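Down below is the structure, laid out as structure tokens.
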Amino acid sequence: MPATASEMLVGASSDFLKRFSPFNRMEPEALGFLSERAVLAFHARGSEILTPEMGQPTHFHIVQRGKVQARQVGPASVTDYAAMTLGPGECFPIGAISAQRPSTNAYAAVEDSFVFQLPADDFLKLMQMSPVFHVFCTQYIASLLNQSRQQLQSTFAQRAAEQQTMTTPLGQLVKKAPIFVTPDSSLRAALEKMSEMRIGCMVVTDSEQKPLGILTQSDLLPRVVLPGIDLQRPIGDVMTRTPHVMSASASAYDAALEMATHGVRHLLVVNSEGRLKGVVSERDLFTLQRIGLRQIRSSIEGADDLEALQRASRDIRQLALNLIAQGIGAEQLTQFISALNDALTCRIIDLARARHDLYGVDYAWLAFGSEGRHEQTLSSDQDNGIIYACPEGADPVELKNRLLASAKEVNENLAACGFPLCKGNIMASNPELCLTLDEWKGRFGDWIREPDPQALLNATIFFDYRVLCGNERLGDQLRAWLNRTAKANANFLRMMASNALQAAPPLGRIRDFVVDDDGTIDLKKSGARLFVDVARILALRTAVVSSSTVQRLRQAGNKMGIPSEEIAALIDGFHFIQLLRLRSQHLDTEHDAPGDNRVNPDTLNELDRRILKEAFRQARKLQLRLKLDYQL
């Protein structure tokens, strides 16, 4: 039976769209929906198709033939281009139509052009209908984030120019062919090779060149010289097994973070097949970063007094600011800050432990709140506690008093290093927060059984804990118990969900944002907290061990079957809000200063305003999921 004219037109539209991404990957039903509803319109050369003055776009456009020029209008720079030409298969305006606001670009035909038009309502239906199209539009946020990062780098051009980029892949940092021996090689042969090649370490690999271990110069004295090891023995007897390995595609940032976290000075770089490609040392990264990680890490490890630790603390903040200037992402940046602050805190604890004779005592230092989530900014104050085991026969009062005296010294020294004392006394020197495992279980259990407002508030702080220093097993046991107990108490989780929904994303019906009386938005209370609160509930519900908001979203999301692209968009939104918070905090600003977490949307450039609005929309989406799950 011959096709009707209408069917032929739909077929032709469909055939055309299949030539371009994302339509060529779109589900048949969704592609049919688009082809049926899209109408072909003609625009003569020089005519305007869409401008900001036309208000909220009524149609989504796909260029079918001809050329359309997108041109920035107004004083604000929206993207890294001033004008861009769109050809067949390209579409616009995704951001404006998704956010239901006027376009920030003007679109005009630069030659006679045919453009498909899809009504805005159908565009939104298509997003719901087609996961492929949804991903395409969602990834638009990631694209905007990259543009924002480039703008930030331009803003800090002078500083960035003084430093090479830390986004360099490790593969590019490896300049020499890999030098290695097998584990049965004699120590003498390996050392002679190190001397001949003037290298600071020797990598040990198997017959397929896959790393098995490493021996560094600093290993020689304790492992070879002092024990009087026969140099004819195989290097495999004294090497460090399971060395730190990273792929060639990982960035210098990743390597620096790994070194800062684990206190190592060499990383083995491998190709996609796991074969040794070379070695990257701390010195290699040092040349990329003027404030050296080695300098900071060494100064922390070698610090014997408070003044040295205070200098290290200032260096950490300066390094963080330099990394912001280079456009580093919020996740990496907060991890950097946390890793170096952890090292600083551990050193302070070590010094106090020696003075209070705590060696041999089974205890752990707990970090709560943002520090517990690895999400410290430059303005985080102290939230910490202690979990300990009291051995049989020991005097529990005397032991606790020693721990409290040590904790008081640690709290005071942390304050001297720029981490203010907690105004709510959530600190390890508080006897209420220096508890045994059973006592912590009792405290958490009370909050879960009787979730009054104060208990729910406590849960938002104390359930985000991790062991920063000491016996991690104690923290793991508490986490396993907490997850089991919370998961079994549906009423508690429901009340947590209700509490989390008390704060809404500051999105307006008329204006883009709902601001406070001073025209600003608190990005901590009305931004980051929205993601943090929901992630915590999802983690408790699915027994996720991690305390990090991002890891909770990833791991709990996977367990709940949330599409990976949706999780990625949520995380992008959270990271952008965190980045804005970091950008508003400065080296000379005191901790917890009034403006630390506030941003005036009117002072942001148009691009950042758009991304911030998208980020809040992601928070709203996350809250909606919680609302539906708990029927709130």
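What you see below is based on every heavy atom in this structure, not just the backbone, and it leaves out hydrogens, waters and symmetry mates. Because the structure is a prediction, the values reported are computed rather than measured.
Ring to ring, F444 and W481 are not that close: their centroids are 6.0 angstrom or more apart.
A donor atom on one side chain and an acceptor atom on the other are found under 3.5 Å apart for Q578 and R581.
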inquiry  = Using the rule given for ring pair (Phe, Tyr, Trp, His ring centres under 6.0 Å), can you reason through W447 versus F492, listing the C-alpha separation, both sets of side-chain angles and the distance that settles it, and then say yes or no?
reply    = CA-CA 9 Å; W447 296 338; F492 169 71; 9.5 Å; no
Pair D254-S251, side chain to side chain donor-acceptor pair (under 3.5 Å): steps then yes or no = CA-CA 5 Å; D254 298 327; S251 71; 3.2 Å; yes
inquiry  = side-chain contact (heavy atoms from CB on, under 4.5 Å), that's the test. Do L507 and V514 meet it? Break it down for me.
reply    = CA-CA 5 Å; L507 289 171; V514 175; 6.0 Å; no
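Residue pairs meeting the ring pair (Phe, Tyr, Trp, His ring centres under 6.0 Å) criterion with at least one partner in residues 532-569, sequence neighbours excluded, are absent. Listed by first then second residue, pairs satisfying ring pair (Phe, Tyr, Trp, His ring centres under 6.0 Å) with a partner in residues 525-567 read F531-F574, not counting sequence neighbours.
Using a 4.5 Å cut-off on side-chain heavy atoms (C-beta onward), L468 and L366 make no contact.
Residues satisfying the ring-ring contact (aromatic ring centres under 6.0 Å, His included) criterion with W365, sequence neighbours excluded, are absent altogether. Take H575 and apply the ring-ring contact (aromatic ring centres under 6.0 Å, His included) test, not counting sequence neighbours, and it matches no residue. Partners of R536 by salt bridge (Lys or Arg N to Asp or Glu O under 4.0 Å), not counting sequence neighbours, listed by chain and number: D464, D533. The salt bridge (Lys or Arg N to Asp or Glu O under 4.0 Å) search around R554 returns E331, not counting sequence neighbours. Annotation: side chain to side chain contact (heavy atoms under 4.5 Å, CB included) contacts of A415 (sequence neighbours excluded): Q382, L421. D476 is linked by a salt bridge (Lys or Arg N to Asp or Glu O under 4.0 Å) to nothing, counting only residues two or more places apart in sequence or in another chain. Among residues two or more places apart in sequence or in another chain, the side chain to side chain contact (heavy atoms under 4.5 Å, CB included) test is passed with D518 by D516, T520, R598. Residues forming a salt bridge (Lys or Arg N to Asp or Glu O under 4.0 Å) with D383 (at least two apart in sequence, or on another chain): none. For the side chain to side chain contact (heavy atoms under 4.5 Å, CB included) test, residues two or more places apart in sequence or in another chain that qualify with R479 are Y465, L482, N483, V545, S547, R552.
The local environment of NZ in K559 is crowded, with over 12 non-hydrogen atoms from other residues, nucleotides or ligands closer than 6.0 Å.
Residues P102 and P57 approach most closely at CA-CD, 4.2 Å, considering heavy atoms. A364 approaches L474 most closely through the heavy-atom pair N-CD1, 4.3 Å. Closest heavy-atom contact between A312 and L344: CB-CD1, 4.1 Å.
Classification of R466 and D342 as a salt-bridged pair holds, one side-chain N sitting under 4.0 Å from a carboxylate O. At a threshold of 4.0 Å, the pair K621-E614 does not count as salt-bridged, since none of the basic side-chain nitrogens sits closer than that to a carboxylate oxygen.
Between the side chain of W440 and the backbone N or O of G475 there is no donor-acceptor pair closer than 3.5 Å.
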Enumerate donor-acceptor pairs with a distance under 3.5 Å from any side-chain N or O in residues 123-131 to protein atoms, sequence neighbours excluded.
| unit_1 | atom_1 | unit_2 | atom_2 | d |
| --- | --- | --- | --- | --- |
| S130 | OG | E27 | OE1 | 2.6 |
| S130 | OG | V132 | N | 3.4 |
| S130 | OG | F133 | N | 3.0 |

